[in-house]
A.B. asks: 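So that we are looking at the same thing, I have put the structure below in structure tokens.
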Number of protein chains: 2
Amino acid sequence: MKSAPPPVASPRETVALKLLVVLSRAAASVHGHVMADIATHGLTPAEFGVLEALHHKGPLLLGDLQRKILVSSGGITFLVDRLTAKGLVERKACPEDGRARYATLTRKGEALIARIFPTHAARVAEAVAGLTRTEQEQAIHLLRTLGRAADATLPENSE
Amino acid sequence: MKSAPPPVASPRETVALKLLVVLSRAAASVHGHVMADIATHGLTPAEFGVLEALHHKGPLLLGDLQRKILVSSGGITFLVDRLTAKGLVERKACPEDGRARYATLTRKGEALIARIFPTHAARVAEAVAGLTRTEQEQAIHLLRTLGRAADATLPENSE
DNA sequence: TTTGGTTATCTCAGGACTGAGCGATTTTAC
DNA sequence: GTAAAATCGCTCAGTCCTGAGATAACCAAA
């Protein structure tokens, strides 16, 4: 004699909630692989992100770096401080803007990222190998659309 | 006279790395929506996860709860402590196992989650509205496959 | 029963990061 | 040319959470 549970969510919401769950779990799982790799080199994911960004883009203003790896303003200062203490990154003055600073890789930092990046790439490929190449490309397309749309409707991003 | 950059990654790895990026960004964007909603009720995402899980599954052993919301063993103790202090959750002894504890919602906790869940569901639906219903179902399928496979190849998960 | 191995939770020290607010600089408007 | 507004990075107090170890309870075998 049990009564049916109340319809707490419409079908549309049910699908959306399921998508949220699998998205979070997939991201966490893949992240787990990546972290395990990165941690063996004594780096946090955020530190690795900084090194990777500088490796591929060259010197970057701290603000650009911040937006790229998605940390707070205090976070990027903290990260660059720590990487500087490790001798992997340096700050350079920006000639056009006295407020801004460039972050650049030192020789040692460049050598480190060049050494560990190939392993990282292989590990990522392995982590996503559950999908075929075609499926990966489908997923990329869907996730890019999803991410863009979600960003656009975020309140604080007025643009 | 610039030489071509060295092939740092194979095409397979390039696709995998791109997938990692869009996956992380999509998860972060959707997470942003959810957090903004949850924070207005004075809850952290992890706290909300606990309430949501108990709301839908009923009383749960702490260990099951821990695996469900993906926190460390210390984390689940901390979360249940804090929710207990807020009067939203209680611990109950487990008759069959003296080591284990159930977490259950209090009246107040049940009332809170019942009140805020509909808004949450609507917000999630809005956050993923950049994809059509069909696309959402494709994404769910792909992400579920991806997550499962990634978990299975994670070293510490032997099963 | 006793012993040892597992499992479930808790304790606690510490780390990564946030976010509000600050000074310094640049840009814009008058 | 100067005052107001915006932008950049930094400081710092505080938060959430991790992870290694401790404690207690269960279970199987001798």
Side-chain angles (χ1 to χ4, degrees), chain A residues 24 28 31-32 34-36 38-51 59-86 89-104 154-156 158-159, chain B residues 24 28 31-32 34-36 38-51 59-86 89-104 155-159:
Chain A
S24 302
H31 224 89
V34 172
M35 278 204 305
I38 289 173
T40 65
H41 303 290
L43 295 173
T44 66
E47 285 176 330
F48 182 83
V50 170
L51 297 181
L60 244 38
L61 294 175
L62 292 196
D64 293 337
L65 201 47
Q66 178 193 339
R67 277 178 288 277
K68 189 145 186 50
I69 66 170
L70 303 176
V71 294
S72 65
S73 64
I76 194 63
T77 296
F78 176 71
L79 283 169
V80 172
D81 280 354
R82 198 170 44 187
L83 288 168
T84 299
K86 291 183 182 179
V89 163
E90 278 176 345
R91 284 184 174 83
K92 302 276 192 198
C94 173
E96 294 93 23
D97 190 336
R99 297 165 302 177
R101 305 264 180 283
Y102 281 106
T104 70
L154 215 54
E156 66 249 45
S158 52
E159 189 251 352
Chain B
S24 302
H31 224 88
V34 173
M35 278 204 304
I38 288 172
T40 64
H41 303 291
L43 296 172
T44 67
E47 286 175 329
F48 182 83
V50 171
L51 297 181
L60 243 40
L61 294 176
L62 292 196
D64 293 336
L65 202 45
Q66 177 194 340
R67 277 179 288 278
K68 189 145 186 50
I69 66 169
L70 304 176
V71 295
S72 64
S73 66
I76 194 61
T77 296
F78 176 72
L79 283 169
V80 172
D81 280 352
R82 198 168 46 187
L83 287 169
T84 299
K86 291 183 181 179
V89 162
E90 279 176 345
R91 284 184 174 84
K92 302 276 192 197
C94 173
E96 293 91 25
D97 190 335
R99 297 165 300 176
R101 307 263 180 284
Y102 282 106
T104 70
E156 67 248 44
N157 297 353
S158 50
E159 190 248 351

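Convention: sequence-line order gives letters A, B, ...; per-chain numbering from 1. Source: prediction; values computed, not measured.
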A.B. asks: Look at the side-chain N and O atoms of B:Arg91 and state whether any lies under 4.0 Å from the OP1 or OP2 oxygen of C:dC10.
C.D. replies: yes
A.B. asks: Check every strand shown and say whether B:Thr44 touches a base, only sugar-phosphate, or nothing at a heavy-atom separation below 4.0 Å.
C.D. replies: sugar-phosphate
A.B. asks: Can you work out whether A:Leu79 or A:Glu96 has the more 5'-proximal nearest nucleotide on DNA chain C?
C.D. replies: A:Leu79
A.B. asks: Classify A:Gly63 by what it touches in the nucleic acid, base, sugar-phosphate, or nothing, heavy-atom distance under 4.0 Å.
C.D. replies: sugar-phosphate
A.B. asks: With no angle test and no hydrogens, is the base of C:dC10 tied to the side chain of B:Ser73 by a donor-acceptor pair under 3.5 Å?
C.D. replies: yes
A.B. asks: Taking only Lys NZ, Arg NE, NH1 and NH2, and the carboxylate oxygens of Asp or Glu, determine whether A:Asp81 and A:Arg91 approach each other closer than 4.0 Å.
C.D. replies: yes
A.B. asks: Nearest-Å distance, CG (B:Asp81) to C1' (C:dC10)?
C.D. replies: 9 Å
A.B. asks: Would you indicate, yes or no, if C:dA16 has its OP1 or OP2 atom less than 4.0 angstrom from a side-chain nitrogen or oxygen of A:Arg82?
C.D. replies: yes
A.B. asks: Measure from CG on B:Leu62 to P on C:dT9 and round the result to the nearest Å.
C.D. replies: 5 Å
A.B. asks: Tell me: CZ of A:Phe78 to P of D:dC10, nearest whole Å?
C.D. replies: 13 Å
A.B. asks: Find the distance B:Lys92:NZ to C:dT9:P and express it as a whole number of Å.
C.D. replies: 16 Å
A.B. asks: For A:Asp64 and D:dC8, what is the distance between atoms CG and P respectively, to the nearest whole Å?
C.D. replies: 9 Å
A.B. asks: Measure the distance from CZ on B:Phe48 to P on D:dC17 and round it to the nearest whole Å.
C.D. replies: 14 Å
A.B. asks: Other residues, nucleotides and ligands only: do more than 12 of their heavy atoms fall within 6.0 Å of NZ on B:Lys68?
C.D. replies: no
A.B. asks: Within this structure, what is the CG-to-C1' distance between B:Leu70 and D:dG19, rounded to whole angstrom?
C.D. replies: 16 Å
A.B. asks: Decide yes or no, distance alone: a donor-acceptor N/O pair under 3.5 angstrom between the base of C:dT26 and the side-chain of A:Arg99.
C.D. replies: no
A.B. asks: Contact class for B:Gly75 vs. all strands (heavy atom < 4.0 Å): base, sugar-phosphate, or nothing?
C.D. replies: base
A.B. asks: Find the distance A:Arg101:CZ to D:dG9:C1' and express it as a whole number of Å.
C.D. replies: 7 Å
